[in-house]
Amino acid sequence: SGGAGPNIQFDFGGFEDPFELFEQIFGGGSPFGQQFRRRPTYSLNLTFDEAIHGVTKEVEIESRNAEGRLERKRMKIKVPAGVDNGTKMRFGPPAGGLDIAFNVGRSPEFLREGADIFSEITVNIPQLVLGDIFEVNTVTGKVKVKVPPGTQPGSLVKLKGKGAPR
């Protein structure tokens with residue numbers, strides 16, 4: 001999509017590099033430290049829509065090379081549809097890839113609980129008593145929903161297959 005991609009950063013309490021913190025605790029020669037070095041975890045912000053529908057992001061990652069110099073790499077991350085806030089995924093080759101934890105923004109229109117997406121509509125009493133057909137927004141567009149006569153205020157009407165992809 002052109003331009004610089006988002007710069008992924010992680011807060012490691014004042015340490016410039018998470019591996020410095022690890023080496024302070026475990027020492028540079030520890031196998032655990034080396035294993036961790038191969039799999040850093042980064043944080044990536046997504047909008048609600050990007051998380052629901054999936055997106056490809058170009059990201060810039062800072063890492064230290066074998067000589068200890070800081071270098072920047074660009075990577076394309078294909079985020080699958082349906083990821084949720086806090087979801088962690090592995091990207092790249094097994095030895096040199098990275099883990100990404102997703103921070104998903106809220107929607108001004110929908111409430112999400114796992115794969116369930118909630119949309120609220122306002123109706124009047126005669127519409128509830130007599131029943132009616134309403135146009136409701138979903139993450140895949142508007143749909144018509146038939147509300148049966150005698151429906152109580154605050155009722156939930158379930159629309160199968162209109163939630164987040166699993």
Side-chain angles (χ1 to χ4, degrees), residues 1-15 18 21-22 32 35-36 38-63 73-94 96-166:
S1 60
N7 189 13
I8 298 178
Q9 296 177 334
F10 209 86
D11 181 13
F12 287 96
F15 284 87
L21 174 62
F22 244 61
F32 185 61
Q35 185 181 6
F36 185 78
R38 287 196 302 266
R39 278 268 174 227
T41 299
Y42 293 91
S43 176
L44 179 61
N45 294 330
L46 298 175
T47 65
F48 181 85
D49 286 343
E50 287 171 336
I52 294 293
H53 300 294
V55 66
T56 298
K57 291 264 195 189
E58 190 167 288
V59 297
E60 194 170 90
I61 294 158
E62 288 185 347
S63 60
K73 288 194 298 187
R74 294 184 84 73
M75 250 180 107
K76 279 200 168 143
I77 302 292
K78 189 171 167 61
V79 181
V83 298
D84 205 349
N85 193 46
T87 298
K88 248 189 203 176
M89 292 189 72
R90 233 162 227 199
F91 292 91
L98 64 147
D99 289 343
I100 293 185
F102 299 110
N103 295 320
V104 178
R106 292 183 180 274
S107 167
E109 188 175 9
F110 303 109
L111 173 68
R112 180 176 183 182
E113 288 181 12
D116 295 329
I117 308 288
F118 295 89
S119 181
E120 195 171 289
I121 59 170
T122 304
V123 298
N124 60 41
I125 298 297
Q127 287 174 309
L128 285 178
V129 171
L130 302 173
D132 208 342
I133 294 175
F134 300 95
E135 203 169 63
V136 178
N137 286 331
T138 72
V139 293
T140 56
K142 291 183 183 294
V143 296
K144 291 195 183 312
V145 177
K146 184 177 169 95
V147 176
T151 300
Q152 296 298 306
S155 293
L156 286 177
V157 177
K158 193 171 190 172
L159 304 177
K160 195 170 173 65
K162 296 295 179 187
R166 290 184 186 269

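Below, each value reflects all heavy atoms present in this structure, side chains not excepted, and no hydrogens, waters or symmetry copies.
- K158 contributes atom NZ, which lies 6.5 Å from atom CG of D116 (distance to the nearest 0.5 angstrom).
- Side-chain N or O atoms of N124 include one that pairs as donor or acceptor with a backbone N or O of Q127 at under 3.5 Å.
- Annotation: side chain of T140 is in contact with side chain of K162 (closest heavy-atom distance under 4.5 Å).
- Proximity of V79 to E50: side-chain heavy atoms (C-beta onward) are nowhere separated by under 4.5 Å.
- Minimum interatomic distance between S119 and V136 (heavy atoms only, all atoms of both residues): OG-CG1, 3.9 Å.
- For the residue pair Y42 and E62, the shortest heavy atom distance occurs at OH-O, 3.1 Å.
- By the 4.5 Å heavy-atom criterion applied to side chains, V123 and D132 are not counted as neighbours.
- Between P165 and A81, the closest heavy-atom pair is CG-CB, 3.7 Å.
- Considering OG1 of T138 and CD of E109, their distance stands at 9.0 Å, rounded to 0.5 Å.
- Checked by atom type, the side-chain pair N103/S43 shows a donor-acceptor distance below 3.5 Å.
- Between N85 and V104, the shortest heavy-atom contact is OD1-N, 2.9 Å.
- L98 CG to K73 NZ: the interatomic distance, rounded to the nearest 0.5 Å, is 7.5 Å.
- The shortest distance between side-chain heavy atoms of R112 and I52 falls below 4.5 Å.
- In this structure, CD1 on I77 lies 7.5 Å from CZ on F102, to the nearest 0.5 angstrom.
- Atom NZ in K76 sits 5.0 Å away from atom CD in E58 (nearest 0.5 Å).
- Going from atom OG1 of T41 over to atom CZ of R90 covers 8.0 Å, rounded to the nearest 0.5 Å.
- Looking at K146 and I133, their side chains come closer than 4.5 Å, going by heavy atoms from C-beta outward.
- Aromatic ring orientation, F110 versus F48: parallel (interplanar angle below 30°, classes split at 30° and 60°).
- At least one side-chain heavy atom of T151 sits under 4.5 Å from a side-chain heavy atom of L128.
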Using the rule given for side chain to side chain contact (heavy atoms under 4.5 Å, CB included), can you reason through I100 versus M89, listing the C-alpha separation, both sets of side-chain angles and the distance that settles it, and then say yes or no? CA-CA 5 Å; I100 293 185; M89 292 189 72; 5.7 Å; no
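- What you find for I121 and E135 is that their closest heavy atoms are CG2-O, 4.5 Å.
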